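Worksheet: one structure, shown below.
As the structure lists them, so they are numbered: ligands from 1, and atoms in each ligand from 1. Predicted model, so just to flag it, every value in this text is computed and none were measured.
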Amino acid sequence: MSLTKRILLAMMLGVVVGGLFNVATTEGWMGASFGHWLDQFMVHGLFDAVGRIFVASLKLLVVPLVFVSLVCGTASLGDNSRMGFMAGKTIGLYLLTTAVAISLALLMGTLIRPGDGIDLAVASDFTAKASPSLKDVLINIFPSNPIQAMAEGNMLQVIVFSLLMGLAVSKSGEQGRRIAAFFEDVNEVIMKMVTILMNFAPYGVFSLLAKLFAGLGVSVIMDLALYFFTVLFVLLLHGLGVYTTLFKVFTGLSPLVFLHKLRATMVFAFSTSSSSATMPVTLRTVEKRLGVDNRVASFTVPLGATINMDGTAIMQGVATAFIAQAYNIDLGLNGYMLVVLTATLASIGTAGVPGVGLIMLTMVLDQVGLPVEGIGLIIGVDRLLDMMRTVVNVTGDSMVSSVVANSEGMLDKDTFNDPDAGLIESELEDAKA
Ligand code: ASP
């Protein structure tokens, strides 16, 4: 069986096994001690351990991969004005897609009105953490110590340092060429590490999902069904409608092939709930499966994993409408415009790790004067929505990356159209057998 199929199967098995464990413990199948054993040794023992090792091994590669790959990319791009132009296009598209996402979310949120008649008493405790100010977010992009930036995994700072280094390499003549050649070799080796670790994905994905669904109460979804399904609907609309249309219009290539090749990456995003942890896999897929040149992908993908969060913006849009309705507050047109603006900026400041989107929602609510405690109403279903919006976040990064590459003449259409391109070695062997 191909690796992608095994990953998809692991995802489904994880959901089923986790769900069964959930029912077994809550219904007391085979006695309380069996339930205790399941919980202690399987869910919080084995599954937890394997899942965490899997996520750690992905995160392990993020900083070295971004650094090395981006230095290679910038060094070989050479021309600075081209870099500036490409960066402008990328950031512009990231902001534009996010603004579309949040507008769609607000529109659906006001049409479907999921927050009408919600019982405010069901809100669970939520104490808001202070969100960083816009000024701090901006200042924070510039590193004062590259090692610290890397140690803390501060992606924007690592990106800025790598761009500077790549630029210097391209301007350093003979020495620069030697360094560039060295970095290219290291890049190949790190990509190989991504490939090796991807082979363990089925076990990691299974464990993460089994643990999560074992502890997930489905009944909370019932109470918030309308909110939950509104977010889900807009996520699907954006992912399957907006992205595929933009992709088709700008590249002329098949959006179905695009989505198909992204399947495994989506499962990584879904099971880890982290665009940042998924980044190594996204980068590999975008370069080797979709045919985006390293000079584009090494910049667009890490940047996207850090600042482009369309799925998160969608949740924030529906959540804002929902909370306004639950508290019977009319935002008015100005309020909605302000939400579009702040949610777009908030998504830039949202780190690509689980649950941060909800924390950044406080910034949006604050701006339009909605009660931050309202977050307590939706927190119960956020874990599951987090997984789904992360899939959209990662799909958006890959879409913009392909569109920018195509416009720069750096999208290899043969690779894109070759169904076997970039399949992991073991998959290729399977395919040949
Ligand atoms: N988990 C999301 C991501 O990593 C961020 C969020 O919405 O919380 O993309």
Side-chain angles (χ1 to χ4, degrees), residues 51-52 54-56 58-59 61-63 66 94-95 97-98 101-102 104-105 126 128-129 131-132 137 153-156 204-205 208-209 212 216 227-228 230-232 234-236 238-239 243 262 265-283 285-286 300-320 322 339 342-365 375 378-401:
R52 277 158 69 170
F54 173 61
V55 175
L58 286 172
K59 284 199 199 151
L61 298 178
V62 173
V63 170
V66 173
Y94 279 152
L95 292 180
T97 48
T98 307
I102 171 105
L104 262 183
F126 178 80
K129 284 199 207 113
S131 53
V137 171
N154 187 325
M155 240 353 95
L156 288 180
V205 165
L208 283 175
L209 292 178
L212 196 89
L216 206 72
Y227 166 75
F228 183 87
T230 308
V231 178
L232 186 60
V234 185
L235 286 176
L236 287 172
H238 196 67
Y243 286 160
L262 225 58
T265 317
M266 289 179 186
V267 177
F268 274 82
F270 183 76
S271 56
T272 60
S273 282
S274 167
S275 349
S276 178
T278 311
M279 210 283 302
V281 181
T282 318
L283 187 62
T285 309
V286 166
T300 50
V301 172
L303 186 72
T306 319
I307 70 163
N308 183 50
M309 311 265 167
D310 293 358
T312 303
I314 286 171
M315 176 278 287
Q316 291 177 341
V318 178
T320 311
F322 174 86
V339 174
T342 37
T344 307
L345 295 176
S347 81
I348 298 178
T350 305
V353 287
V356 185
L358 204 66
I359 296 172
M360 293 305 278
L361 179 60
T362 52
M363 180 170 143
V364 182
L365 296 178
I375 293 180
I378 51 172
I379 207 162
V381 287
D382 198 65
R383 190 66 191 84
L384 202 54
L385 287 176
D386 194 6
M387 305 167 81
M388 299 172 184
R389 66 181 181 249
T390 308
V391 173
V392 173
N393 290 346
V394 168
T395 310
D397 303 339
S398 311
M399 191 278 291
V400 169
S401 189

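Residues passing the side chain to side chain contact (heavy atoms under 4.5 Å, CB included) test with D310 are T97, T98, A101, H238, Y243, N308, V392, sequence neighbours excluded. Residues satisfying the side-chain hydrogen bond (donor to acceptor under 3.5 Å, both in side chains) criterion with S276, sequence neighbours excluded, are absent altogether. Remark: T285 pairs with L262, T265, V281, R289 by the side chain to side chain contact (heavy atoms under 4.5 Å, CB included) rule, at least two apart or across chains.
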Start with the C-alpha distance between V231 and F322, add both sets of side-chain angles, then the distance that settles side chain to side chain contact (heavy atoms under 4.5 Å, CB included), and finish with yes or no. CA-CA 10 Å; V231 178; F322 174 86; over 6 Å; no
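Checked against a 6.0 Å centroid threshold, the rings of F54 and F268 count as neighbours.
Note that the OH atom of Y227 and the CE atom of M315 stand 5.5 Å from one another [nearest 0.5 Å].
Listed by chain and number, residues touching ligand 1 at under 4.0 Å (heavy atoms only) are S273, S274, S275, M309, T312, A351, G352, V353, P354, G355, V356, G357, D386, R389, T390, N393.
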